Amino acid sequence: MAFNNQSILLKARYLEEEHEELEAFFFSNYDDFFKAVEEKSNIDYSYKEGSDGECEDQDDKSEAEEVPNLEEDSPEPNRNFLKEKGLKPLFSRIVTISHPDKHAEHLTDSEKENLVKVYQKCIKAAREESLFGILSCAKSLYLDVPALSEEDTESIKNECKMLQDKINSIKNTYVMLWAKSDNKEMVVDQYIKSRSQ
């Protein structure tokens, strides 16, 4: 694999890790932030199904929690995308290794759980035509990834930009500002004021 291909994959992987860490931090503070808002305002701001998404923090939460469910009938992976990109054999290998019905008996529960996450991520990546998502799954299973064309590299650069936008969006939520602030009450007041305008 060419050096620039490796560097774009490393950049995308770094952004993916940063996004996952930020998202986990966001969720770990989400309920506490809205409890503080409710205590201060006596208004229930908690996330409600079917809400009109009046708070960008709530929109982020509902979008981020969308994970493919193995139990439900989910849409098939985009086979045309896999074929066009020459990823069918790699995709098949990933899902064969990581499929929950194929796990070896000697694996720990933690290892099995990680494989299920890879499986879910790979299926989702194929559905969403995420080249990086599939290549990332392959790398996490120590599989060789194919050389990337210039078009593939551009596609991954675009995915990097989308990841960076998601990271920036999370960083700019009231939940994150509150979690990192020394003056949490001020952030709560700002949030309540912004909602009342």
Side-chain angles (χ1 to χ4, degrees), residues 1-28 59-70 74-104 107-173 176 180:
M1 178 180 295
F3 175 76
N4 69 337
N5 289 345
Q6 184 65 29
S7 63
I8 193 65
L9 288 174
L10 290 172
K11 179 179 180 178
R13 182 70 188 135
Y14 171 82
L15 290 171
E16 182 181 54
E17 287 289 327
E18 183 179 6
H19 179 255
E20 288 172 6
E21 286 177 15
L22 272 175
E23 201 172 63
F25 185 74
F26 173 90
F27 288 134
S28 70
D59 288 344
D60 289 345
K61 185 173 184 181
S62 62
E63 179 183 316
E65 287 179 337
E66 185 182 314
V67 177
N69 186 339
L70 295 175
S74 56
E76 281 289 311
N78 187 333
R79 305 242 181 245
N80 288 336
F81 166 74
L82 295 172
K83 187 175 181 182
E84 287 170 14
K85 295 291 183 187
L87 295 173
K88 246 181 163 179
L90 183 61
F91 175 82
S92 295
R93 190 135 185 248
I94 294 167
V95 296
T96 299
I97 292 169
S98 62
H99 193 284
D101 294 340
K102 311 258 182 187
H103 296 167
L107 295 176
T108 66
D109 288 343
S110 175
E111 291 168 329
K112 289 178 183 180
E113 187 178 307
N114 286 336
L115 285 172
V116 169
K117 287 179 184 175
V118 170
Y119 178 81
Q120 291 173 327
K121 180 180 175 182
C122 189
I123 297 293
K124 184 177 181 189
R127 250 197 332 266
E128 295 176 355
E129 299 184 11
S130 168
L131 175 61
F132 170 69
I134 293 171
L135 297 179
S136 175
C137 290
K139 284 287 212 183
S140 68
L141 296 174
Y142 304 101
L143 300 174
D144 291 331
V145 297
L148 301 177
S149 67
E150 199 170 308
E151 181 184 326
D152 293 339
T153 303
E154 276 306 308
S155 172
I156 294 174
K157 284 181 182 176
N158 289 336
E159 289 188 59
C160 286
K161 184 182 179 329
M162 289 189 304
L163 277 170
Q164 188 63 63
D165 290 345
K166 287 179 180 181
I167 288 166
N168 293 339
S169 178
I170 293 172
K171 284 180 176 178
N172 291 318
T173 61
M176 293 297 284
K180 294 185 173 198

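Not measured: the values here are computed from a predicted model.
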Self-check item: Exceeds 12 heavy-atom contacts within 6.0 angstrom, atom NZ of K180
Solution: no

Quiz prompt | side chain to side chain contact (heavy atoms under 4.5 Å, CB included) between M176 and L22, worked out | solution = CA-CA 9 Å; M176 293 297 284; L22 272 175; 3.3 Å; yes

Practice problem: Compare all side-chain heavy atoms of F81 with those of K88 and state whether any distance is below 4.5 angstrom. | Solution: no

Quiz item: How far apart are the C-alpha atoms of L163 and E16, what are their side-chain angles, what is the distance that settles it, and do they pass the side chain to side chain contact (heavy atoms under 4.5 Å, CB included) test?
Solution: CA-CA 7 Å; L163 277 170; E16 182 181 54; 4.3 Å; yes

Quiz item: Is a side-chain donor-acceptor pair under 3.5 Å present for S136 with K121?
Solution: yes

Practice problem: Check the pair I97 / R93 against side chain to side chain contact (heavy atoms under 4.5 Å, CB included), numbers first and verdict last. | Solution: CA-CA 6 Å; I97 292 169; R93 190 135 185 248; 4.0 Å; yes

Quiz item: Going by heavy atoms in the side chains, are L87 and P146 under 4.5 Å from each other?
Solution: yes

Quiz item: For C160 and I8, which heavy atoms make the closest approach, and how far apart are they?
Solution: SG-CD1, 4.2 Å

Quiz prompt | Electrostatic pair K85:E151 at N-O distance under 4.0 angstrom | solution = yes

Quiz item: Between L141 and L115, is any pair of side-chain heavy atoms under 4.5 Å apart?
Solution: yes

Quiz item: Checking S169 side chain against D165 main chain: does a donor-acceptor pair fall under 3.5 Å?
Solution: no

Quiz prompt | Salt bridge present between K171 and E18 (N-O < 4.0 angstrom) | solution = yes

Self-check item: Q164 side-chain N/O to L15 backbone N/O, donor-acceptor pair under 3.5 Å
Solution: no

Quiz item: Mind checking whether I123 and R127 have side chains closer than 4.5 Å, heavy atoms only?
Solution: yes

Quiz prompt | Gap separating the CD atom of E20 from the NZ atom of K166, nearest 0.5 angstrom | solution = 10.5 Å

Quiz prompt | Between S155 and N158: side-chain donor-acceptor atoms closer than 3.5 Å | solution = no

Quiz item: Is there a donor-acceptor pair closer than 3.5 Å between any side-chain N or O of H103 and the backbone N or O of S98?
Solution: yes

Quiz item: What's the shortest heavy-atom distance between G133 and E159, and which atoms?
Solution: N-OE1, 4.1 Å

Practice problem: Check whether any side-chain heavy atom of S149 sits under 4.5 Å from a side-chain heavy atom of D152, and report yes or no. | Solution: yes

Exercise. For the residue pair I134 and V145, establish whether any side-chain heavy-atom pair is separated by less than 4.5 Å.
Key: no

Quiz item: If we ignore angles and hydrogens, is there a donor and acceptor under 3.5 Å between the side chains of E84 and N80?
Solution: no

Quiz item: Is the count of non-hydrogen atoms from other residues, nucleotides or ligands lying under 6.0 Å from N168 atom CG greater than 12?
Solution: yes

Quiz item: Rounded to the nearest 0.5 Å, how far does CG of N114 lie from CG of L107?
Solution: 10.0 Å

Quiz prompt | Pairwise side-chain contact, H19 with E23, heavy-atom cut-off 4.5 Å (strictly under) | solution = yes

Quiz item: Is there side-chain contact between L135 and I156, with heavy atoms separated by less than 4.5 Å?
Solution: yes

Quiz prompt | Taking every non-hydrogen atom, the tightest pair across F132 and L9 | solution = CE1-O, 3.8 Å

